[in-house]
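Along the sequence shown, residues are numbered consecutively beginning with 1.
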Amino acid sequence: MRIPAAWRHPRVIGAVIGASLLGAALVLVLRAPRVDPDRVYRIGYNHNPPFQIHRADGPPTGLAVETVKRAAARAHVRLEWVHDPSPRAELLRRGEVDLWPLFTDLAEGRAWAYVSETCMLSQNYLIARQGALPAPDFRG
């Protein structure tokens, strides 16, 4: 196959090479990691079984903790787990940690935290023996 003479002009060749380099650079920038691989991200958690379980003798565990640990390992993100004994992610609110593994998406929380797209939905129920609780207290 012969290349037309107009395409062999130095400006056309330069434009093709330039466009190729620009495209390669764009691919590298878009595929670049969005997190700093040298940084250790502080991630807060509280005792909220079965999702977040604080153990005095070792690192935290639980469904949300293990999910985040595996995702971070795949993405080469280093985490430092920090226990927050408060019930409402106070360390995150005060900026003492960077991340939180499980967060109830309420309007007041969005005022001070970025909440990602939902990755897990949970439904909780209170189950009691019939007659054990006064029915008027639990209507609706």
Checklist entry - Does the side-chain contact (heavy atoms from CB on, under 4.5 Å) test come out yes or no for L99 and L79, once each step is laid out? => result CA-CA 9 Å; L99 305 166; L79 299 175; 4.0 Å; yes
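In the displayed structure, R94 atom CZ is contacted under 6.0 Å by more than 12 heavy atoms of other residues, nucleotides or ligands. Surrounding CZ of R39 are more than 12 heavy atoms belonging to other residues, nucleotides or ligands, all under 6.0 Å away.
Tracing side-chain contacts under 4.5 Å through hydrophobic residues (I, L, V, M, F, W, Y), one never reaches F51 starting from W100; they form parts of separate clusters. Taken together through direct or relayed side-chain contacts under 4.5 Å among Ile, Leu, Val, Met, Phe, Trp and Tyr, V82 and F103 form part of one hydrophobic cluster. Hydrophobic clustering, with ILVMFWY side chains joined whenever heavy atoms are under 4.5 angstrom apart, groups W112 together with V97. When hydrophobic clusters are built by joining Ile, Leu, Val, Met, Phe, Trp and Tyr residues whose side-chain heavy atoms come closer than 4.5 Å, directly or via intermediates, I43 is not grouped with V115. Two different hydrophobic clusters hold V68 and V40 under the rule that ILVMFWY side chains link at heavy-atom gaps under 4.5 Å.
L102 is not listed as a side-chain neighbour of Y45, based on a closest heavy-atom distance of 4.5 Å or more. Looking at K69 and P59, their side chains come closer than 4.5 Å, going by heavy atoms from C-beta outward.
Remark: the backbone N or O of G44 is not paired with any side-chain donor or acceptor of D84 at under 3.5 angstrom.
Among all heavy-atom pairs drawn from P101 and Q52, the shortest one is CG-OE1, 3.1 Å.
In this pair, H54 and H83 present their aromatic rings parallel. The plane angle is below 30°, not in the 30 to 60° band.
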